[in-house]
Amino acid sequence: MPLPKETSPVPNAGRDERIARRARGDNWRKPPRRIEASECITCDLCLRNCPEEFGAIFDQGLDVVIVPELCSGCPACVLVCPMDCIYVDEEWAPTGDVLWDHVRLTAGEAAS
């Protein structure tokens with residue numbers, strides 16, 4: 001008879017908490033990334049390669065966007081982008097309500 005598996009923490013608990021707070025990780029030192037829409041070909045490679053624990057990249061209409069509060073600044077998206085259109089965003093602005101509603105829906109939460 002197999003031993004019961006230990007209960008592991010929810011893999012996206014940190015992401016869920018950042019979504020609820022609409023805030024970046026307290027210990028993140030790197031600024032978030034941003035996608036320059038005029039250079040992007042919407043191939044979605046960045047979206048598919050953003051680590052699940054961050055899940056910071058979303059399709060928004062015809063654009064692909066990075067939610068700065070969810071982006072740790074890691075280079076995963078930059079490394080796969082064929083257009084080199086992802087940049088460090090030193091002067092990022094808080095994400096608006098419409099995109100947060102989309103984030104919550106895709107995270108399985110009810111939009112408020």
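Keep in mind that the numbers below use all heavy atoms, side chains included, and drop hydrogens, waters and symmetry copies. FYI, the numbering just counts along the sequence from 1.
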One should read off an interatomic distance between Arg15 CZ and Ser72 OG, to the nearest 0.5 angstrom, of 12.5 Å
Nearest heavy atoms of Arg18 and Arg24, plus distance in Å: CD-C, 4.0 Å
Quick check: do Glu36 and Tyr87 have side-chain heavy atoms less than 4.5 Å from each other? yes
Calculate, to the nearest 0.5 Å, the distance between atoms OG and CE belonging to Ser38 and Met83 respectively. 10.0 Å
Gap separating the NZ atom of Lys30 from the SG atom of Cys71, nearest 0.5 angstrom: 10.0 Å
Residue list, side chain to side chain contact (heavy atoms under 4.5 Å, CB included) with Cys50, at least two apart or on another chain: Phe54, Ala56, Ile57
Taking Trp100 as the starting point, is it possible to reach Phe58 by hopping between hydrophobic residues whose side chains are less than 4.5 Å apart? yes
Are side-chain heavy atoms of Thr42 and Asp44 found at a separation under 4.5 Å? yes
Out of curiosity, Leu45 CG to Cys81 SG, how far, rounded to the nearest 0.5 Å? 8.0 Å
What I'd like to find out is whether the side chain of Cys85 reaches to under 4.5 Å of the side chain of Ile35, using heavy atoms alone. yes
For the residue pair Ala93 and Pro68, what are the closest heavy atoms and their distance? O-CG, 3.6 Å
Beyond-backbone contact of Asp26 with Arg21, side-chain heavy atoms, under 4.5 angstrom: yes
Looking at Arg104 and Asp97, is any side-chain nitrogen of the basic one under 4.0 Å from a carboxylate oxygen of the acidic one? no
Ile86, Val64: one ILVMFWY side-chain cluster at the under-4.5 Å cut-off? yes
Keeping Arg33 on the side-chain end and Gly73 on the backbone end, is there a donor-acceptor pair under 3.5 Å? yes
CD (Gln60) and CD1 (Ile66) are apart, to the nearest 0.5 Å, by 12.5 Å
First locate atom CG of Leu70, then atom CZ of Arg22, and finally report the distance between them rounded to the nearest 0.5 Å. 11.0 Å
Check each of Val103, Ile19, Thr95 against Glu69 using the side-chain contact (heavy atoms from CB on, under 4.5 Å) test, and report the only one that passes. Thr95
